[in-house]
> 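My structure is below; once you've seen it, I'll send some questions.
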Amino acid sequence: MERNVSRIHIVSEPSIIYFLQVSWEKDLGSGFDIILTDGQSAWSGTVTTSEISREADDMAMERDKYVDELKKALVLGTEPANVYKFDFSKENCNFSYSRNLKNVSFILGSLILQKVSSPAEVIRELMSYCLNCMADQLAKNEHLQRENEMLQRDWNDVQKRLEKCVTDKENLEADLHKRFVLVLNEKKAKIRSLHKSLIQAKKSEKEKQDER
Amino acid sequence: MERNVSRIHIVSEPSIIYFLQVSWEKDLGSGFDIILTDGQSAWSGTVTTSEISREADDMAMERDKYVDELKKALVLGTEPANVYKFDFSKENCNFSYSRNLKNVSFILGSLILQKVSSPAEVIRELMSYCLNCMADQLAKNEHLQRENEMLQRDWNDVQKRLEKCVTDKENLEADLHKRFVLVLNEKKAKIRSLHKSLIQAKKSEKEKQDER
Amino acid sequence: CPSTKEHFACEYDCYGDSYFADTDVVQLKEVFSRIKNVK
């Protein structure tokens with residue numbers, strides 16, 4: 001089961017923070033449960049899959065697009081504060097959520113909530129859920145941190161090995177050339193020596209020929 | 001200001017979860033504030049630095065060691081469930097925290113809490129704090145995740161460059177050797193040619209000398 | 001002995017590489033490995 005808890009403001013009571021828990025199985029579009037609390041009282045309600053279809057039809061909106069709007073309004077909380085509005089009446093327990101578009105509000109959905117008889121239990125459960133999430137996130141954070149440090153060390157290690165390989169390659173090239181030059185110069189010295197001997201032999205023959 | 005919220009069980013009411021918020025400036029040993037709530041009512045209190053010193057003296061414990069025990073009991077929450085115990089009486093508002101050692105309980109500290117007149121506000125503030133922590137951790141985790149992905153990509157990149165460098169080094173070595181062999185063999189061909197000419201010249205001279 | 005030394009000096013350079021016989025990569029690597037203290 002998926003769950004999300006967020007802070008919302010009620011239009012009719014802007015100074016009070018309310019907490020909205022939305023929970024659903026697999027997909028929000030299949031229906032969801034709502035819990036609303038002001039830290040003292042709590043109200044709950046359900047929106048069924050057929051109610052979602054009906055609302056989408058009423059708004060002449062594609063169902064998938066309507067469910068996306070619901071996600072943005074009730075779960076994601078990534079939009080700026082004035083894009084979605086919430087209203088709740090403690091008298092008739094009517095809870096509604098609207099979308100603001102160019103200063104015009106479009107009601108996305110509404111339902112009558114039931115007042116919870118033991119709000120303390122609901123509030124305790126909400127807080128427990130939050131603390132569990134915090135603990136999970138902290139554990140994940142520590143794991144990611146360790147992974148990060150390990151990746152950093154690995155990167156440093158492979159970077160050093162690359163630098164060494166580049167240096168080794170340069171050194172190898174220089175070293176091989178030096179060795180080659182030594183061996184080559186031996187051959188050149190031999191060529192010079194043979195060349196000198198050949199010239200000498202030819203000169204000696206010519207001298208003897210001239211003598212004769 | 002530092003703060004920690006945890007779940008505790010009260011010995012006299014084991015089926016109810018209570019939430020304990022401990023807050024302090026810089027160091028727990030300088031004194032701390034407590035808020036206790038069962039999701040319906042809330043109580044608050046303060047433990048001053050002199051009270052901490054007094055408790056440590058009463059227990060004949062070094063102050064630093066006593067403060068460490070307080071941290072483990074009230075903040076860290078890393079010890080197994082039965083190491084530290086809490087008790088609270090709604091009648092006299094006495095809140096105490098003890099350490100279990102070999103089936104004997106040692107009271108670490110106790111104080112009389114004051115019942116909060118507007119518990120809803122306290123509960124809302126606690127929940128807000130939890131949601132803020134969750135959001136911060138989520139943001140941190142997302143940042144670490146992105147950083148880890150980037151580090152992994154960088155590592156892959158450097159690893160590829162290292163593999164290429166190793167291959168290039170091997171190819172360079174092979175290539176240089178081949179070139180050196182070609183050049184040397186050219187010189188050797190020259191040497192063989194000169195050597196042959198020299199032998200021929202010496203042979204020709206000897207033949208002519210023999211003729212004479 | 002001196003004659004053998006003289007013979008090798010005619011046939012091979014001071015690194016053991018033949019003046020006359022063609023070399024190959026394997027032999028050249030061997031010659032290079034014998035060169036100490038390359039300056």
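Quick note on labels: first sequence line is chain A, next is B, and so on, each numbered from 1.
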> Under 4.5 Å from any heavy atom of chain A, what part of B/Ile191 do you find: side chain, backbone, both or neither?
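B/Ile191 touches chain A through backbone and side-chain heavy atoms alike.
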> So which residue, A/Leu172, A/Leu198, A/Leu144, ends up with the most heavy-atom pairs under 4.5 Å with chain B?
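Max contact count across the listed options: A/Leu144.
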> Counting only heavy atoms not in B/Ile107, do more than 12 fall under 6.0 Å of its CD1?
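No, not enclosed.
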> For the atom pair CG (A/Leu36) and CG (A/Leu113), what is the distance rounded to the nearest 0.5 Å?
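Here the rounded value is 6.5 Å.
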> Looking at A/Val5, A/Ile16, A/Leu184, A/Leu131, which one has more heavy-atom pairs under 4.5 Å with chain B than the rest?
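Looking at each option in turn, the highest pair count goes to A/Leu131.
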> Using atom types as modelled and no hydrogens or angles, find all donor-acceptor pairs between chain A and chain B shorter than 3.5 Å.
{"residue": "A/Arg7", "atom": "NH1", "partner": "B/Ser128", "partner atom": "O", "Å": "3.3"}
{"residue": "A/Arg7", "atom": "NH1", "partner": "B/Ser128", "partner atom": "OG", "Å": "3.2"}
{"residue": "A/Arg7", "atom": "NH1", "partner": "B/Asn132", "partner atom": "OD1", "Å": "3.0"}
{"residue": "A/Arg7", "atom": "NH2", "partner": "B/Asn132", "partner atom": "OD1", "Å": "2.6"}
{"residue": "A/Asp38", "atom": "O", "partner": "B/Arg124", "partner atom": "NH1", "Å": "2.8"}
{"residue": "A/Arg124", "atom": "NH1", "partner": "B/Asp38", "partner atom": "O", "Å": "2.8"}
{"residue": "A/Ser128", "atom": "O", "partner": "B/Arg7", "partner atom": "NH1", "Å": "3.3"}
{"residue": "A/Ser128", "atom": "OG", "partner": "B/Arg7", "partner atom": "NH1", "Å": "3.2"}
{"residue": "A/Asn132", "atom": "OD1", "partner": "B/Arg7", "partner atom": "NH1", "Å": "3.0"}
{"residue": "A/Asn132", "atom": "OD1", "partner": "B/Arg7", "partner atom": "NH2", "Å": "2.6"}
{"residue": "A/Gln137", "atom": "O", "partner": "B/Asn141", "partner atom": "ND2", "Å": "3.2"}
{"residue": "A/Gln137", "atom": "OE1", "partner": "B/Asn141", "partner atom": "ND2", "Å": "2.6"}
{"residue": "A/Asn141", "atom": "ND2", "partner": "B/Gln137", "partner atom": "OE1", "Å": "3.4"}
{"residue": "A/Asn141", "atom": "ND2", "partner": "B/Asn141", "partner atom": "OD1", "Å": "3.1"}
{"residue": "A/Leu144", "atom": "O", "partner": "B/Asn148", "partner atom": "ND2", "Å": "3.3"}
{"residue": "A/Glu147", "atom": "OE1", "partner": "B/Asn148", "partner atom": "ND2", "Å": "3.2"}
{"residue": "A/Asn148", "atom": "ND2", "partner": "B/Glu147", "partner atom": "OE1", "Å": "2.8"}
{"residue": "A/Asn148", "atom": "ND2", "partner": "B/Asn148", "partner atom": "OD1", "Å": "2.9"}
{"residue": "A/Glu205", "atom": "OE2", "partner": "B/Lys208", "partner atom": "NZ", "Å": "2.7"}
{"residue": "A/Lys208", "atom": "NZ", "partner": "B/Glu205", "partner atom": "OE2", "Å": "2.8"}

> Which heavy atom of B/Leu108 sits nearest to which heavy atom of B/Ala73, and what is that distance?
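Closest approach of B/Leu108 to B/Ala73: CD1-CB, 4.0 Å.
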> Does the side chain of B/Phe32 come within less than 4.5 Å of B/Leu74's, by heavy atoms?
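Side-chain contact under 4.5 Å: yes.
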> Given that the side chain runs from C-beta out, which part of B/Phe19 has a heavy atom under 4.5 Å from chain A: side chain, backbone, both or neither?
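Just its side chain gets close to chain A.
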> Quick check for you: among A/Leu126, A/Leu162, A/Ile123, which has the greatest number of heavy-atom pairs under 4.5 Å with chain B?
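Option with the top pair count is A/Leu162.
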> Below 4.5 Å, heavy-atom pairs only: which of A/Ile17, A/Val122, A/Val183 has the largest tally toward chain B?
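Looking at each option in turn, the highest pair count goes to A/Ile17.
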> By a 4.5 Å heavy-atom criterion (distance strictly below it), what part of B/Leu176 contacts chain A: side chain, backbone, both, or neither?
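For B/Leu176, the side chain is the part near chain A, not the backbone.
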> Are any non-hydrogen side-chain atoms of A/Val67 and A/Ile52 less than 4.5 angstrom apart?
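Of all side-chain heavy-atom pairs linking A/Ile52 with A/Val67, at least one is under 4.5 Å.
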